[in-house]
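Take a look at the structure below.
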Amino acid sequence: MKIAILALQGAFAEHSEMLQRIGVESFLVRNIDDWQQPKDGLIIPGGESTAMMRIIRDEGLFTPIRDAILNGLPVFGTCAGLIMLDHEHLGTMDITVKRNAYGRQLGSFRTVHTMKGIGEIPMTFIRAPYITAAGDNVEVLAELNGHIVAAQQGSQLVTAFHPELNNDTCVHEFFVKNIVNGGD
Ligand code: GLN
């Protein structure tokens, strides 16, 4: 198994460390040549969705990534990576998102909360979005104060928080076991 990690900007190195810790190989994607390597899944990290969006267009990655996801490539988006999959960006997931949803005061915070299919996990939010509306085909996996912060639609998994910034590898294991391997 090999997972591609979009590495244009943001917290991509932390994702490759998480995968390494659970014994999964990964490679970084910076351009179309990198992208063309065989892969079983994709991680879109946190960072700045506006910058990431501009770079995937400049690098000719927008359509190849969108098509691959629509054709079933498993994808895991964290924070800005969640935003990238919404209606206004790649548009592969039936979700509407509010960016920087926690405002300036509560811009960044940590909590421990339940995620469906996993249990209690640490959640680190950094100028995080949340999902304000989700289609019927979207399963809500975590809600915090009435706002959706983790969800799944088929082979697409998103979290508004950053599991790669904690010691806990559970969410990455969930992605690999339940989504990339399809629950085998
Ligand atoms: N605020 C960022 C955005 O709107 C997301 C922050 C993050 O990924 N930690 O893209």
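- The backbone N or O of Met18 sits nowhere less than 3.5 Å from a side-chain atom of Thr169 that would complete a donor-acceptor pair.
- Scanning all heavy atoms of the two residues, the minimum distance from Ala142 to Met115 falls at CB-CA, 4.3 Å.
- Under the side chain to side chain donor-acceptor pair (under 3.5 Å) criterion, Asp94 pairs with His87, sequence neighbours left out.
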Test side-chain contact (heavy atoms from CB on, under 4.5 Å) on Phe174 and Gln152 and set out the steps. CA-CA 11 Å; Phe174 177 87; Gln152 181 179 347; 3.8 Å; yes
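- Residues Leu82 and Val180 are members of separate hydrophobic clusters, defined by side-chain heavy-atom contacts under 4.5 angstrom among Ile, Leu, Val, Met, Phe, Trp and Tyr.
- Hydrophobic cluster membership differs between Phe125 and Leu85, with clusters built from Ile, Leu, Val, Met, Phe, Trp and Tyr side chains linked at under 4.5 angstrom.
- Sequence neighbours left out, the pairs with a member in residues 39-53 that pass salt bridge (Lys or Arg N to Asp or Glu O under 4.0 Å) are Glu48-Arg99, Glu48-Arg127.
- Atom NE2 in His172 sits 7.0 Å away from atom OG1 in Thr78 (nearest 0.5 Å).
- Expressed to the nearest 0.5 Å, how far CE of Met123 lies from NE2 of His162 amounts to 13.0 Å.
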Name each donor-acceptor pair under 3.5 Å that joins a side chain in residues 59-70 to protein atoms two or more places apart or in another chain, with its distance.
residue, atom, partner, partner atom, Å
Arg66, NE, Leu90, O, 2.7

N/O donor-acceptor pairs under 3.5 Å from side chains in residues 28-38, not counting sequence neighbours:
residue, atom, partner, partner atom, Å
Arg30, NE, Ala7, O, 3.4
Asn31, OD1, Asp33, N, 3.1
Asn31, OD1, Asp34, N, 2.9
Asp34, OD2, Arg30, N, 2.7
Asp34, OD2, Asn31, N, 3.3
Gln37, NE2, Asp34, O, 3.2

Donor-acceptor pairs under 3.5 Å, side chain of residues 129-139 to any protein atom, not counting sequence neighbours: which ones?
residue, atom, partner, partner atom, Å
Tyr130, OH, His147, NE2, 3.4
Thr132, OG1, Thr96, O, 3.2
Glu139, OE2, Lys116, NZ, 2.7

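- Among residues two or more places apart in sequence or in another chain, the salt bridge (charged side-chain N to carboxylate O under 4.0 Å, His left out) test is passed with Lys98 by none.
- Atom NE2 in His113 sits 8.0 Å away from atom CG in Asn145 (nearest 0.5 Å).
- Expressed to the nearest 0.5 Å, how far CD1 of Ile44 lies from CD1 of Ile56 amounts to 7.0 Å.
- Residue Arg110 places its CZ atom among 12 or fewer non-hydrogen atoms of other residues, nucleotides or ligands, all under 6.0 Å distant.
- Contact of the Ile118 side chain with the Leu141 side chain is not registered, since no non-hydrogen atoms from C-beta on lie closer than 4.5 Å.
- Across all their heavy atoms, Ser49 and Ala80 have their closest contact at N-CB, 3.7 Å.
- Tracing side-chain contacts under 4.5 Å through hydrophobic residues (I, L, V, M, F, W, Y), one reaches Val171 starting from Ile43; they form part of the same cluster.
- Cys79 approaches Gly46 most closely through the heavy-atom pair CB-CA, 4.2 Å.
- Pairing each heavy atom of Lys177 with each of Asn181, the nearest pair is O-CB, 3.4 Å.
- Side-chain contact between Thr111 and Phe161 is absent, with no heavy atoms from C-beta onward closer than 4.5 Å.
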Please lay out, stage by stage, how Leu157 and Asn178 fare under the test side-chain contact (heavy atoms from CB on, under 4.5 Å). CA-CA 10 Å; Leu157 173 71; Asn178 293 45; over 6 Å; no
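- Note on Met1 and Phe27: separate hydrophobic clusters, where clusters join Ile, Leu, Val, Met, Phe, Trp and Tyr whose side-chain heavy atoms are under 4.5 Å apart, directly or indirectly.
- Under the 4.5 Å side-chain contact rule for hydrophobic residues, Val75 and Ile95 share a cluster.
- With a 4.5 Å cut-off on side-chain heavy atoms, Asn167 and Arg21 count as touching.
- The CG atom of Asn166 lies 3.5 Å from the OG1 atom of Thr124; values are rounded to the nearest 0.5 Å.
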Which is it for Leu6 and Phe12 under the side-chain contact (heavy atoms from CB on, under 4.5 Å) test, yes or no, and what are the steps along the way? CA-CA 7 Å; Leu6 196 63; Phe12 52 85; over 6 Å; no
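- Scanning both residues, Gly72 and Ser155, for their nearest heavy atoms gives O-OG, 3.5 Å.
- Minimum heavy-atom separation, Ile3 to Leu42: CG2-N, 4.2 Å.
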Stepwise side-chain contact (heavy atoms from CB on, under 4.5 Å) check, Met84 with Met53: CA-CA 7 Å; Met84 294 291 285; Met53 198 62 190; 3.9 Å; yes
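- Note that CZ of Phe76 and OG1 of Thr159 are 4.5 Å apart. Values are rounded to the nearest 0.5 Å.
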